**Q** 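Can you keep this structure in mind? I'll have questions shortly.
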Amino acid sequence: MDFKQIISHCKEYGFIFQSSEIYDGLSAAYDYGPNGVELKNNIKAYWWKSMVQMHQNIVGLDSAILMHPKTWKASGHVDAFNDPLVDNKDSKKRYRADVLIEDYMAKIEGKINKDVEKAKKKFDNFDEKMFRETNGRVKERQDKIDAIAKRLGKAMTDGNMEDLKAQIEEYEIACPDSGSKNWTDVRQFNLMFSTQLGNVAGSEGKIYLRPETAQGIFVNFLNVQKSTRKKLPFGIAQIGKAFRNEIVARQFIFRMREFEQMEMQFFIEPGTEMKWFEYWKNTRLNWHKAIGTPDNKLRFHDHDNLAHYANAATDIEFEFPFGFKELEGIHSRTDFDLKSHQELSGKKLQYFDPVKNENYVPYVLETSIGVDRMFLSQLSNALQVETVPDADGNESTRTVLKLHPSIAPVKCAILPLVKNKEELTKAAKDVFDKLKFSFNCQYDEKDAIGRRYRRQDAIGTPFCITIDFETLEDNTVTIRDRDSLQQERISIEDLKSKVFEKTDMSSLF
Ligand code: ATP
């Protein structure tokens, strides 16, 4: 399904709405509707269970969004959490300079892909790798992309705004909106949202909405370690909102100004970080695969240009409808954060190692994933249109959301065959009452049964349970499986274990 269809499906079926829609919306902010909040909560539960419940040495935390402003000085966010901003003087549109250059590279890449596709059609035993290495025009373009990527990476690491401007001019990049090449200088734009404390006037009272949840973990490192008496290696996991004043906020819930993160900081002995880096890379990739994300839609992207706090970093990228993009980051953060907080606060943030009999600042391995990006990955992967036989055996199409049953918003729908027969609706409501403590169920009596099935398919409900006249005689119902479309007659007594078997999350671990 294309991206537009996914977005409209999200609205039509109560997954996601534009924030403040009646006022024409607030850009890059979204609200999760009745089905959206269920799916989102299930994703969070899957992450939390896999981190906190499954690991004896990982504990949870829920720290405040508002933190002392010095936190963000120590973490480097006040000075370095910037994006390069450039305005087009004619269209008055604002862009990220690095994104303009990346889009320019993507255009060249597009030309290469066209050449490859053409050649593919022309030759029988086509060897793409060889073609890319030997075709003059393709090679020239690839060299150009590589050179631009290198120069862009350097300008970004050095914070060289003049060179970014020079590149935009050299490559003759035009405003995508107006075609104008009349650009302002490139300047740094800090992505943190600031606000004011109620009881302090002026700049003294300036505080920030957290741009990441990680710092709440770092400043609580000793509180958690001492109160739980954990020994290294151990981790602290947290799920919570983060805020970034993104310059280019597009692609739906992929890049928002208010979003949610699931972060885990794993505290380790210095020198062991590469071992743990590999461990968490594998563990996190397997977590994605276990929920049903196909191998070919996931890949690692190792960072060449490392952030100021990292000595190794990789992204787990997912193939979104607009290409492979970052879904999760895995970073070896060294002792940068704990040391900075120690220096600025004057409070020791050290661990006493009873084996070595010495104090040291631990190193940190971080895994950080956006809840919303995970939501988009699951939804875009699961949403399908397929041809199925209808009740009369003719072919018809259905839209089905093939989410893993354990994260589906509704686990089973309870449907009386017809609505105006009181014995049936009563029996159906009894079944609903029996199951509602164990599962999120939905009772639906409106429209023909086929249409009700289709509605449940579209929100990914794994089971539809139909109550008919036979039910009144022998306490059996039909249970329809979303994926196989098989209908089975089973006793009401067996329903709970049947639904549980397929929707229980523990099968994922
Ligand atoms: P990007 O390069 O896409 O801006 P990032 O490298 O700045 O992302 P991190 O700082 O590593 O992202 O944040 C960790 C995770 O938080 C990301 O992998 C992503 O899933 C999520 N995330 C970051 N920014 C946003 C955003 N604006 N909207 C939604 N999710 C986000």
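Computed from a predicted structure; not experimentally measured. Values below: all heavy atoms of this structure, side chains included; hydrogens, waters and symmetry mates excluded. Each ligand, and each atom within it, is numbered from 1 in the order the structure gives. Counting from 1, the numbers follow the sequence of the chain as shown.
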**Q** Just distances here: any N/O of Glu263 and N/O of ligand 1 closer than 3.5 Å?
**A**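 Checking ligand 1 against Glu263, no N or O pair falls under 3.5 Å apart.
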**Q** Should Glu269 and Lys275 count as an ion pair when the cut-off is N to O under 4.0 Å?
**A**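 Lys275 and Glu269: not salt-bridged.
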**Q** Would you call Asp372 a ligand 1 contact, heavy-atom distance under 4.0 Å?
**A**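 No, that is not the case, since the closest heavy atom of the residue is not under 4.0 Å from the ligand.
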**Q** Give the numbers and elements of all ligand 1 atoms closer than 4.0 Å to a heavy atom of Glu328.
**A**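 Counting from 1, the qualifying ligand atoms are 18 (O).
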**Q** So is His331 close enough to ligand 1, meaning a heavy atom under 4.0 angstrom away?
**A**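 Judged by the 4.0 Å heavy-atom criterion, His331 does count as contacting ligand 1.
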**Q** Tell me the protein heavy atom at minimum distance from atom 18 (O) of ligand 1, and give that distance in Å.
**A**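 For this ligand atom, the closest protein heavy atom is Glu326 OE2, 2.6 Å.
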**Q** Can you check salt bridge (charged side-chain N to carboxylate O under 4.0 Å, His left out) on Lys325 and Glu317, steps first, answer last?
**A** CA-CA 5 Å; Lys325 295 270 182 235; Glu317 294 188 336; over 6 Å; no
**Q** May I ask you to identify the nearest protein heavy atom to atom 29 (C) of ligand 1, giving residue, atom name and distance to one decimal place in Å?
**A**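 The protein heavy atom lying closest is Phe254 O, 3.2 Å.
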**Q** Can you tell me the protein heavy atom closest to atom 14 (C) of ligand 1 and the distance?
**A**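 Protein heavy atom with the smallest distance to atom 14 (C) of ligand 1: Ser368 OG, 2.9 Å.
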**Q** Show every donor-acceptor pair shorter than 3.5 Å between a side-chain atom in residues 62-70 and any protein atom, with sequence neighbours excluded, or say none if there are none.
**A**
{"from": "Ser63", "atom 1": "OG", "to": "Gln238", "atom 2": "OE1", "distance (Å)": "3.1"}
{"from": "Ser63", "atom 1": "OG", "to": "Gln238", "atom 2": "NE2", "distance (Å)": "3.1"}
{"from": "His68", "atom 1": "ND1", "to": "Lys70", "atom 2": "N", "distance (Å)": "3.0"}

**Q** What I'd like to find out is whether the side chain of Phe267 reaches to under 4.5 Å of the side chain of Leu365, using heavy atoms alone.
**A**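 Answer no - side chains too far apart.
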**Q** Taking salt bridge (Lys or Arg N to Asp or Glu O under 4.0 Å) as the cut-off, I'd like each qualifying pair that reaches into residues 79-90, sequence neighbours left out, listed once.
**A**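 The answer is Lys73-Asp79, Asp83-Arg96, Asp87-Arg94.
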**Q** Report the nearest protein non-hydrogen atom to atom 13 (O) of ligand 1: residue, atom name, distance rounded to 0.1 Å.
**A**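 Ranking protein heavy atoms by distance from atom 13 (O) of ligand 1, first comes Gln261 NE2, 3.5 Å.
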**Q** Out of Ala242, Ala214, Gly370, whose heavy atom sits nearest atom 20 (O) of ligand 1?
**A**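 The residue whose heavy atom sits nearest atom 20 (O) of ligand 1 is Gly370.
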**Q** Would you mind checking which non-hydrogen protein atom is closest to atom 19 (C) of ligand 1, with the distance to 0.1 Å?
**A**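 Answer for atom 19 (C) of ligand 1: Arg373 NH1, 3.5 Å.
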**Q** Pick, from Glu258, Arg96, Met256, the option with the minimum heavy-atom distance to atom 26 (C) of ligand 1.
**A**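 Ranked by closest heavy atom to atom 26 (C) of ligand 1, first place is Met256.
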**Q** For ligand 1, which is the ligand I care about here, please tell me if Leu327 has any N or O atom under 3.5 Å from one of the ligand's N or O atoms.
**A**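 In this structure, Leu327 places an N or O atom under 3.5 Å from an N or O of ligand 1.
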**Q** Quick one: do Arg482 and Asp457 make a salt bridge, cutoff under 4.0 Å?
**A**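 Salt bridge flag = no for Asp457 with Arg482.
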**Q** Just one of Glu366, Arg333, Gln215 clears the side-chain hydrogen bond (donor to acceptor under 3.5 Å, both in side chains) bar with Gln265, so which one?
**A**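 Passing option: Glu366.
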**Q** Are a donor atom and an acceptor atom from the side chains of Glu38 and Asn42 found within less than 3.5 Å of each other?
**A**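 Looking only at side-chain atoms, Asn42 and Glu38 do not form any donor-acceptor pair under 3.5 Å.
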**Q** Could you tell me whether some N/O pair between Arg255 and ligand 1 is separated by less than 3.5 angstrom?
**A**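 Arg255 vs ligand 1: N/O contact under 3.5 Å present.
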**Q** Does the pair Glu133/Lys139 count as a salt bridge with the N-to-O cut at 4.0 Å?
**A**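 Result for this pair is no, no salt bridge flagged.
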**Q** Please tell me whether Trp276 and Tyr363 form a close aromatic pair, meaning their ring centres lie under 6.0 Å apart.
**A**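 Distance test on ring centres: not under 6.0 Å, no.
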**Q** Looking only at protein heavy atoms, which one is nearest to atom 22 (N) of ligand 1, and how far off is it?
**A**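 Of every protein heavy atom, Phe259 CE1, 3.5 Å lies nearest to atom 22 (N) of ligand 1.
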**Q** Would you confirm whether the ring centroid of Phe3 sits within less than 6.0 angstrom of the ring centroid of Phe322?
**A**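 Aromatic pair counts; centres sit under 6.0 Å.
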**Q** With only distance considered, is Ile369 within less than 3.5 Å of ligand 1 through an N or O on each side?
**A**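 There is no such contact.
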**Q** How far is atom 23 (C) of ligand 1 from the closest protein heavy atom, and which atom is that?
**A**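 Nearest protein contact, heavy atoms only, for atom 23 (C) of ligand 1 is Arg244 NH1, 3.5 Å.
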**Q** What part of Glu246, side chain, backbone, both or neither, has a heavy atom within less than 4.0 angstrom of ligand 1?
**A**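 Contact part for Glu246 vs ligand 1: side chain (C-beta onward).
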